[in-house]
Protein chains: 2
Amino acid sequence: MIIDKSSPIPQYFQLQTWLKEQIHHGVFKVEDKIPTEEELVQLTGLARATVRQAIQNLTNMGYLVRKKGLGTFVTKPNISPQKQVIIGLIVPDIRSGYAPELARGAEDEAARSKHSLILCSSDDLYIKADFHANRLIENSVSGVIFVPTASSDSKNRTIVQKFQEKNIPVVLADRTIPYLDLDHVTTDNFEGAYNLTNYLIKKGHKKISFVYSNIFSTEKLRFNGYKKALEDNGIQYDPSIVVSHTGPYNEEQFSKYAQAILKQKKRITAVFAGHDRIALTFYLVARDMGLSFPEDLSIVGYDDLDFETLSLTTMHQPIYEMGIESVKLIDSRINGEKNGHQSIVLKSYLIERESVLRNK
Amino acid sequence: MIIDKSSPIPQYFQLQTWLKEQIHHGVFKVEDKIPTEEELVQLTGLARATVRQAIQNLTNMGYLVRKKGLGTFVTKPNISPQKQVIIGLIVPDIRSGYAPELARGAEDEAARSKHSLILCSSDDLYIKADFHANRLIENSVSGVIFVPTASSDSKNRTIVQKFQEKNIPVVLADRTIPYLDLDHVTTDNFEGAYNLTNYLIKKGHKKISFVYSNIFSTEKLRFNGYKKALEDNGIQYDPSIVVSHTGPYNEEQFSKYAQAILKQKKRITAVFAGHDRIALTFYLVARDMGLSFPEDLSIVGYDDLDFETLSLTTMHQPIYEMGIESVKLIDSRINGEKNGHQSIVLKSYLIERESVLRNK
DNA sequence: TTTGTATAATTGTCTATACAAAGTAATTAT
DNA sequence: ATAATTACTTTGTATAGACAATTATACAAA
């Protein structure tokens, strides 16, 4: 029998479930007419009002369409049985640095699970990141990949918390925020910088300038790797050839730093730039000052950006993979697979080009 | 009286309308309890089932919440009075060419109207563009900015039609598709190429090679501009120094073209590359062949990509503005402001750098 | 060929009634 | 004072029956 009168489950609900099963099993197919109310009354022994309640509910749910004078019909298996997943990506600027590569990695991985990616550029400003965060929340995204801005840690935390309040999983990409237990994908910045510094030292360089922004976790780690490598090789750390800029990269400012460093009397032989952009600035300034390259000055960068005509020795960061891993993390959060927060640290490797010369 | 028994309008519907009005006019406020079913029976003279039908409908619509044993309550006036607008952006690859600039322009303009941008890279392939199109449609985007792929016109048309069937406005960015009346944002490719060719001619060049992909509307127009400029200056068009590649840009292939052109006996003095990437490839090949630059060979490109260390004379395309205008067009479509399709042609301008030398 | 009419089938609207289930509030027992 | 009981209110489930509105079909009339 279809209806169990002794069951505590409401009879309209039993009928409703039965009808749904019939549709699901293809007994009533798409566009088919299901039995009339009267027939269902005969079939189940229920009152017509009860039958109607079951049918009405299924109609509201979109399983059925009722047509006056004609009957009740099974609707086309409707749109989107699985909810659309949208992931927000907040980068400093989609035009610069590694952002395009990160975006593409994230996009490709998202596409694999039929997810979509909303693009947000923060210009490294808290206020823009906050604006985007609000919009992402309004769009009820399923997760966010966030590259922290150049603002203070506490402001970056505010943004993360905004998402957390709405139970939206957040993955920090590349940079991290202190005192915040979060999923995080980055590269081995300390180790990478350590290896790169060692490489310079093995090439005979002792006076190695280090120029970086001290507000980003990544560059701070690189600086630590640099210092450790000096120490392990018995080279005295010299603060006078280190530039620690409190703020994000800025072409004009870093050009001045480059000029200052290159004009110093105690001649440096190599520059370790906090990232490739800085390396490029150094190269341009050095060239303008009449230094020949790499004969007069060896330069290494960090990131492996695509400078077509500048053959820069640098540390390649697997940015594309970072995008992939970020989306994977978001995905596992959405599916509630993991508990506790994960930090994924990807390996970077040295790309030896022609910007470093053995120091005699 | 609340209910007009003689009206042809169903009584449950009359009650439903009345209740909705009371809520709207604030007689029943948010979180308020509305009269119980029994009270409404007294008030209206209807049967309880009829009253229930009215209440049930309003519950389904989200106006009311029923609580067993407690009563029926007015819900909070729900979320999102204004719908979120999401715009899809389909570019060949967010990592290359002008895509980042276009994306950023679109993003900034979208942000101004609190819209969001979903990023899609097609790799210039029909199949990927189609995949993204389907996902954008599933996400019910409000509009799409589409850079046609390197596939055939008919395949690109198929994708556009997919959106049109769902009444989703489409704007073609940069490239166009023949025989398709659509909103379109581009630059004056013919005129730009004409001017750039004239510039070369005024610099004394007569043997000017032209190398391009003949599958894109933009580069075809540039080629036409090039030919027209030759003609207007009385220079014989020479097909043997023109490379017309049937397919998208491809580094390996274009390197071979460059080698072939540069090895020819009838020595060319300048190259007009279909876009900056091609110009770069020519530069690299020429350099590897021992040609000095720009003394032995003048090169011009098109796009004004950011090649840090290559001082390329080129035609600057206002790509950022193209992104802005594209979103503006989508916006006016969404608001139903315009009828008929619009073509916006932005002005490009010559950037004179150091890659062109006067030919003696 | 078109238009009108009758009829059957089916869903839509509505009334009247009864008991169940889930809360609240007052009362009673401990 | 606290806990258990009871009474009451309100929505939830269910039955039985009546008539209205809409559609398809067949047949008749213009």
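Per chain, numbering begins at 1; letters A, B, ... match sequence-line order.
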Here the helical stems involving DNA chain D, each at least 3 consecutive Watson-Crick or G-U pairs closer than 3.5 Å, sorted by first residue number, are C:1-30 with D:1-30
Residues which pass side chain to side chain donor-acceptor pair (under 3.5 Å) with [X], listed by chain and number, not counting sequence neighbours:
X      : result
A:R157 : none
B:Q164 : none
A:S122 : none
A:S154 : A:S152

Holding to salt bridge (charged side-chain N to carboxylate O under 4.0 Å, His left out), I want the full list of residues that pass it with B:D331, two or more places apart in sequence or in another chain. none
Salt bridge (charged side-chain N to carboxylate O under 4.0 Å, His left out) involving A:K155 - partner list, sequence neighbours excluded: none
Rounded to the Å, how far apart are A:K33 NZ and D:dA24 C1'? 11 Å
Got a sec, which residues hit side chain to side chain contact (heavy atoms under 4.5 Å, CB included) with B:F13, two or more places apart in sequence or on another chain? B:I9, B:P10, B:Q16, B:T17
Residue pairs, two or more places apart or on separate chains, that pass salt bridge (Lys or Arg N to Asp or Glu O under 4.0 Å) and touch residues 51-67 of chain B: B:E37-B:R52, B:E37-B:R66
Do any side-chain atoms of residues 175-183 of chain A form donor-acceptor pairs under 3.5 angstrom with protein atoms, and if so which ones, sequence neighbours left out?
| unit_1 | atom_1 | unit_2 | atom_2 | d |
| --- | --- | --- | --- | --- |
| A:R175 | NH1 | A:D124 | OD1 | 2.9 |
| A:R175 | NH1 | A:P148 | O | 2.7 |
| A:D183 | OD1 | A:R333 | NH2 | 2.9 |
| A:D183 | OD1 | A:Q342 | N | 2.8 |
| A:D183 | OD2 | A:R333 | NE | 2.5 |
| A:D183 | OD2 | A:R333 | NH2 | 3.2 |

Please find the earliest and latest nucleotides of DNA chain C, in the 5' to 3' direction, that have an atom within less than 4.0 Å of any heavy atom of chain B. C:dT13 to C:dT24
What do you reckon, is OH of A:Y63 surrounded by more than 12 foreign heavy atoms closer than 6.0 Å? no
In 5'-to-3' order, the base (B), backbone-only (S) or no-contact (-) status of each nucleotide in nucleotides 14-23 of chain D, using a 4.0 angstrom heavy-atom cut-off, is SB--B--SBB
